[in-house]
2 protein chains.
Amino acid sequence: MEARQPTLADRTLTQLQHAIIGGELRPGSKINEQEIATRFGVSRGPLREALQRLEQRRLIERIPHVGARVATLTEARLNDLYQVRAELESMACRLAAGRIKPEQLAQLHQLLDRQEAVFSSQPVTEFQDDIDFHYGIIQASGNQTLIATLTGDLYHQLQMYRYQCSSGRRPLEALAQHRAILAAIADGDGEMAALLMRRHIEAGARHTRQVLRQKMEESSG
Amino acid sequence: MEARQPTLADRTLTQLQHAIIGGELRPGSKINEQEIATRFGVSRGPLREALQRLEQRRLIERIPHVGARVATLTEARLNDLYQVRAELESMACRLAAGRIKPEQLAQLHQLLDRQEAVFSSQPVTEFQDDIDFHYGIIQASGNQTLIATLTGDLYHQLQMYRYQCSSGRRPLEALAQHRAILAAIADGDGEMAALLMRRHIEAGARHTRQVLRQKMEESSG
DNA sequence: TCACCTGAGATTGTAGACAATCGCCCGAAC
DNA sequence: GTTCGGGCGATTGTCTACAATCTCAGGTGA
């Protein structure tokens, strides 16, 4: 009922988004509708629908009668994004501490355990698991507006920055921080959880910012 | 350059949004693409584009192969919306206090003066002026992600609630609160401005919630 | 009586063609 | 030499028609 059976436009959106987040379509490059449509084997209708959603997610920028371009990675945008994210995710922690359900809590504990178990063997998994953890807490907040804002809008941009600026995200450190956050939530200490989450995200922002700077230096030099 | 010259889809979006926010298309009612397209004198292409944006703004809900419905007003959704709004707008105040430009500050003062001058003669103006005030502060925050989240997403929903649940919003009280908020920002006291804004929005939430309850009672009774 | 299946009608999703607009190149005038 | 204007090619916006899917009424069987 609720689950939307994927349409052609949905699949095209997923493909395009992966291509953008993964850097296959480089930031700033122009998107030719006919070309992309042909490449994906769809007509321009579904493709334009996908483009529109990507514009909403701020992964591309469109100008009427001119066209679409892949969004560029900027330090200023990164700062703005992480600043809002820190505010909203710490808010999510505060809410989650008061109303998280036992099964949600158990699932998050399980996630961290699994993350720890495979931590050294598969560094790739860590990336998705990290997102899953944050996603779980956001869901536990129970605030539908908050959930939609974070997972429906901000997270797509975030993934682009994280994917293109990732390199050894110190999973051990992040894991410890996740554990502390979850413990605070389990204790019902919303303020502590919120503060820990804010620090955790700020640390991530510093790291990503550093990598972005390096990347921009070597691309301009 | 930046200004997007309005296309047919843009105009259709504006019309449809006004019809939804104004209650002409009642909450929960189904939207027949062909019917609406014919009524607005456009084809289904641009209309579908408008529908998609309205879905992003959460003014309608769509299910593939089934159709679109106008979003319903719920007390739970109202609470969630105002909770996130309070968090983000108080954040905007904190930022604005540190980096608002003189001309922005002057413009906001001007706005409040004008609001006070015509306050008793035209109660209708107050509604738009109130939005303009909040809009100005959000802009002054300088955080593009914050601006986009608030004015691009949340505010459309907010307008729907406010328009359909407005009745004597005590403009005098709101005006005084606006003045206090602006004074704090002018003083560079971000924390004070943030707190005042939070209280101001919470007061608005209580008022709107009350009106919504009345409305739902008389519609179900 | 109720649950389930089935088919007609309606509605949405997709494709392809046409119209409108823009960017760019080139030539002319100062 | 530089700047302005016009026209051509390319790209985007829009329309119409067709295909895929859902809804709902009606009937059938337990």
Side-chain angles (χ1 to χ4, degrees), chain A residues 1-20 24-72 152, chain B residues 1-20 24-72 152:
Chain A
M1 281 292 192
E2 260 297 322
R4 323 182 8 147
Q5 122 170 9
T7 177
L8 236 189
D10 289 326
R11 284 198 293 273
T12 305
L13 171 65
T14 304
Q15 283 186 68
L16 241 183
Q17 179 158 332
H18 275 278
I20 291 174
E24 187 184 333
L25 265 56
R26 251 171 295 181
S29 64
K30 188 167 185 337
I31 292 177
N32 185 312
E33 292 184 359
Q34 193 57 260
E35 179 195 330
I36 302 285
T38 307
R39 191 202 296 186
F40 286 171
V42 300
S43 92
R44 279 178 54 219
L47 176 75
R48 280 173 63 83
E49 201 172 319
L51 286 177
Q52 207 182 127
R53 294 206 200 148
L54 289 173
E55 182 188 19
Q56 278 293 334
R57 297 174 179 185
R58 294 172 231 295
L59 294 180
I60 67 172
E61 293 173 357
R62 294 176 87 191
I63 302 175
H65 297 113
V66 175
R69 288 188 172 280
V70 179
T72 55
Chain B
M1 281 290 194
E2 261 297 322
R4 322 183 8 146
Q5 121 169 10
T7 177
L8 237 188
D10 289 326
R11 284 198 294 273
T12 305
L13 170 65
T14 304
Q15 284 186 66
L16 240 184
Q17 180 159 331
H18 275 279
I20 290 174
E24 188 184 335
L25 265 56
R26 251 172 294 180
S29 64
K30 188 164 185 338
I31 293 177
N32 184 311
E33 292 185 359
Q34 193 57 260
E35 179 195 329
I36 301 288
T38 307
R39 193 201 294 186
F40 286 171
V42 300
S43 96
R44 280 178 52 219
L47 176 74
R48 282 172 63 83
E49 200 172 320
L51 286 178
Q52 209 183 124
R53 294 208 199 144
L54 288 173
E55 182 188 18
Q56 239 288 335
R57 297 175 179 185
R58 296 175 228 297
L59 294 181
I60 67 173
E61 294 174 357
R62 292 175 87 192
I63 301 176
H65 298 114
V66 175
R69 287 188 173 281
V70 179
T72 54

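Below, chain A is the first sequence line, B the second, and so on; all start at residue 1. Remember, it's a predicted structure, so these values are computed and weren't measured experimentally.
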Options dT16(D), dC22(D), dT14(C), nucleotide nearest the side-chain atoms of A9(A): dT14(C)

Any side-chain heavy-atom pair of T12(B) and I36(B) under 4.5 Å: no

Side chain of P64(B) - closest among dG13(C), dA15(C), dT11(D): dG13(C)

Side-chain heavy-atom pair R62(B), Q52(B) within 4.5 angstrom cut-off: yes

Proximity to the side chain of P46(A) - top-ranked nucleotide from dC22(C), dA15(C), dA17(D): dA15(C)

Candidate nucleotides dT11(D), dA17(D), dT21(C), ranked by approach to the side chain of K30(A) - the nearest: dT11(D)

For atom CD1 of I63(B) and atom P of dC22(D), their distance in whole Å: 11 Å

Phosphate-side-chain proximity, R62(A) and dG13(D), N/O vs OP1/OP2 below 4.0 Å: yes

Spacing between E49(B) atom CD and dG13(C) atom P, to the nearest angstrom: 14 Å

Proximity to the side chain of L8(A) - top-ranked nucleotide from dC22(C), dA15(C), dT23(D): dA15(C)

R48(B) side chain, from C-beta outward: closest of dA15(C), dT12(C), dC22(D): dT12(C)

Rounded interatomic separation in angstrom, taking CG from D10(B) and C1' from dT14(D): 13 Å

Residue-phosphate contact under 4.0 Å: T7(A) side-chain N/O, dT14(C) OP1/OP2: yes

S29(A) (side chain) donor-acceptor with L25(A) (main chain) under 3.5 angstrom: no

Integer-rounded Å distance: dG13(C) C1' and I31(B) CD1: 17 Å

Sugar-phosphate only, base, or nothing, as touched by L51(B) at under 4.0 Å among non-hydrogen atoms: nothing

Value in whole Å for how far the C1' atom of dG16(C) lies from CZ of R44(B): 15 Å

G41(A) or G67(B), whichever maps to the more 5' nucleotide of DNA chain C: G67(B)

Distance in angstrom units between E33(A) CD and dT14(D) P, rounded: 11 Å

Interatomic distance where CZ belongs to R11(A) and P belongs to dA20(D) [whole Å]: 13 Å

Close side-chain approach of D10(B) and R53(B), heavy atoms under 4.5 Å: yes

Point-to-point distance, once rounded to the nearest 0.5 Å, from CG of L51(A) to CG of L59(A): 11.5 Å

Selection from dT12(C), dC22(D), dT16(D) that lies nearest to any side-chain heavy atom of S43(B): dT16(D)

Among dT14(D), dG23(C), dA15(C), the nucleotide that comes nearest once only the side chain of V66(A) is considered: dG23(C)

Rounded distance in Å - CD (Q34(A)) to P (dA17(C)): 10 Å

